[in-house]
Amino acid sequence: MPNPRILLIIGGGIAAYKSIELVRLLRKSGYVVRCVLTRAGEQFVTPLTLAALSENKVYTNLFDLKDEVEMGHIQLSREADLVVVAPATADLLAKMAAGIADDMATTLLLATDKPVLAAPAMNVRMWLHPATRRNVATLRGDGVTVMEPDEGEMACGEYGPGRLPEPEAIKAAIDRTLDNAPAPIPLAGQPDFAPASHRPLFGRRILITAGPTHEPIDPVRYIANRSSGKQGFAIAAAAAEAGAEVLLIAGPVPLPTPPGVIRVDVETAREMAAEVEAGLPVDAAIMVAAVADWRAADTAAQKIKKDGSGAVPPLALAENPDILASVAKSPQRPPLLIGFAAETNDVIGHAEAKLSRKGCDWIVANDVSVDPMGGETNRVHIVSKAGVDSWDRLPKNAVARKLMEKIADELTVRAPANSD
Ligand code: CTP
C-alpha cells in the first residue's frame, strides 16, 4: 500500500506526549499523518509540535468554519486508511461506545467508515471499572481494535494496567491492521518471509490462553500455580509474526503484550472461560493457560482472621469449568483445538488420556519435573491421534514458531483458507 494515511486522534492525559513519538515513527515509515487534538489533548501537546512533525495541518475544533470550508469533517474522517485514537481516554472510549459526537474528535469517529484502532491510557481503576469494561467490550463488538494498555507504574503513582502502549507497539498494531507489517526476524537457516499477506497464518484468527488463574479466597489471598505465561505469550507473538489475528486471553502475569496481539486480561478460571467463549469463532485455539482446577467454594468478603484458638479455617473447594473441554463440545468448536499438559510422570500416557478426555486435536505435553514452570526452554511432545511427535529441547520462542508452522500446515488441510 503506497503511503497509507492515518488520522490520529489525540485524547487528553499525560500519555499524550507519547503521540509525538508515534507521529515521528509513522512519518519515518512513510505514513501520511493528520492529527486531531481534543480539547483535553491540547492541554498536553501543542498543535504546533504536531503540525511540525506530521508536516500537516492539525485539527482542533469542529466548529472551526475555515476547516469546514477547506475540508468537511465527513471527508476528513474518510480520507484516511485508518483512524487511530492514542491516547484513548476513558471518556473518549465511553463516547465512542455510546456514539456521542460532541466535538471534532468524536464527530470524526462517528462519521468514519474506516477501521478504528484505539490505544487506551488511563488510571488502573478507571481501566478496570465495569463501565470501561463494558465500553471496551461494546467497541470490540463493533469491530474497533482496542489494544490492551501496558501494565506498570502510572503517572498517578498507582500500579497496574492502564499505561499507554509504547509508540513502537502502537505502530506495530497500525502496521498489522493495514497489512503493512515489516517481515518478522527469520529463524536462522530459514528463508525470509514475504509481505504480511504471504505469511502462513495470514487471514487466520487464533485464540490463545496463557498464564495461571488466581482464585480468590478472601480479598488478600488466592489459589494459584507457578505458571509464568512465557510459553503462551511466546506462542501469541509467533502467531502474530506468522500473520494471524491473535486474541490472547491472559491470566495475571507481568509480561508485555507482544506486538500486534489483542490481549484480554482475566483473573479467574470463570472469567477466562467467559472471555474464551466470547472470542469464538476462531480457526485455531491453543489453550496454554494453567487453569486452576479448583476455586474456593465461598469467597470471604472480608479478610479471614485468626481467632487465637489455633483452629484453622475450613477451605472448601469447588471445581472450575474445564475451558478446553467446553470449547471441544461447543457448536463453535474451532477446526483445530490444542491443549497443553504439564506432567511430572508418564508424560505421553497422561497426554494421550487427556487428548481423548478433553476432545481436542493435539496435546502439547512437557515434563515439568525436568522443565520446571517459569524456565526458558521446553522439550515438548505433540500428541495426537496420528501419534507422538517429540521435539528437541528448544527455547520457548522457537517451540512457538515451530508450532505455528505445524498449525499453518494443519489448517490448510482442516480449514482451507478459501473454503468460506
Ligand atoms: N484446561 C482448561 N480448563 C481447566 C483445566 C485445564 O482449559 N479448568 C486446559 C489447559 O489450558 C490445558 C489442558 O486443559 O490446555 C490440560 O490442562 P491440565 O491442567 O493438564 O489438565 P487437567 O484436566 O487439569 O488435568 P490434571 O488432572 O492433570 O490436572
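First listed ligand is number 1; within each ligand, the first listed atom is number 1. If you're wondering where the values come from, they're calculated on a predicted model, not measured in any experiment.
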Roughly how far apart are I6 CD1 and T177 OG1, rounded to 0.5 Å?
8.5 Å
Among all protein non-hydrogen atoms, which one is nearest to atom 5 (C) of ligand 1, and what is the separation to 0.1 Å?
V291 CB, 3.8 Å
Numbered atoms of ligand 1 (with element) below 4.0 Å of G339, judged on heavy atoms
15 (O)
Identify the closest protein heavy atom to atom 3 (N) of ligand 1: which residue and atom is it, and at what distance?
I323 N, 3.0 Å
Examine ligand 1 and decide if any of its atoms is less than 4.0 Å from a heavy atom belonging to R357.
yes
Backbone or side chain, does any N or O of M287 fall under 3.5 Å from an N or O of ligand 1?
yes
Tell me the protein heavy atom at minimum distance from atom 1 (N) of ligand 1, and give that distance in Å.
K358 NZ, 3.8 Å
Under a 4.5 Å cut-off applied to non-hydrogen side-chain atoms, are E151 and R163 in contact?
no
Report yes if some N/O of D293 lies less than 3.5 Å from some N/O of ligand 1; otherwise report no.
yes
Flag side-chain contact, heavy atom, 4.5 Å: L403 against V364:
yes
Starting from atom 16 (C) of ligand 1, which protein heavy atom do you reach first, and at what distance in Å?
F340 O, 2.9 Å
Report yes or no: is the cationic atom of R133 (NZ for Lys, CZ for Arg) closer than 6.0 Å to the six-membered ring centre of W127, at no more than 45° off its axis?
yes
Answer yes or no for A269: is there a heavy-atom contact with ligand 1 below 4.0 Å?
no
Closer than 3.5 angstrom, by distance alone: can the side chain of H129 be matched with the main-chain N or O of A131 as a donor-acceptor pair?
yes
Indicate yes or no: does an N/O atom of A341 lie under 3.5 Å from an N/O atom of ligand 1?
no
Looking at ligand 1, does any of its N/O atoms fall within less than 3.5 Å of an N/O of I338?
no
Compute the shortest N/O to N/O distance between K354 and ligand 1 and return yes if it is under 3.5 Å, no if not.
yes
Closest heavy-atom pair and its distance - S29, K171:
OG-CE, 2.8 Å
Closest approach of A121 and A15, non-hydrogen atoms and distance?
CB-CB, 4.0 Å
With the threshold set at under 4.0 angstrom, would you say P321 reaches ligand 1 through any of its heavy atoms?
yes
Least distance between heavy atoms, V282 atom then P334 atom:
O-CB, 3.5 Å
Are N366 and E343 close enough that a side-chain donor and a side-chain acceptor fall under 3.5 Å?
no
Return the residue, atom name and 0.1 Å-rounded distance of the protein heavy atom closest to atom 11 (O) of ligand 1.
A289 O, 2.7 Å
Quick check: A342 and ligand 1, any N/O pair under 3.5 Å apart?
no
Pair L324, K354 - check side chain to side chain contact (heavy atoms under 4.5 Å, CB included), show working.
CA-CA 10 Å; L324 178 57; K354 242 167 227 181; over 6 Å; no
If you measure every N/O of T209 against every N/O of ligand 1, is any gap under 3.5 Å?
no
What residue and atom, counting heavy atoms only, is the protein's closest point to atom 7 (O) of ligand 1, and at what distance?
L324 N, 2.8 Å
Can a salt bridge be assigned to the pair R176 and E245 using a cut-off of 4.0 Å between side-chain N and carboxylate O?
no
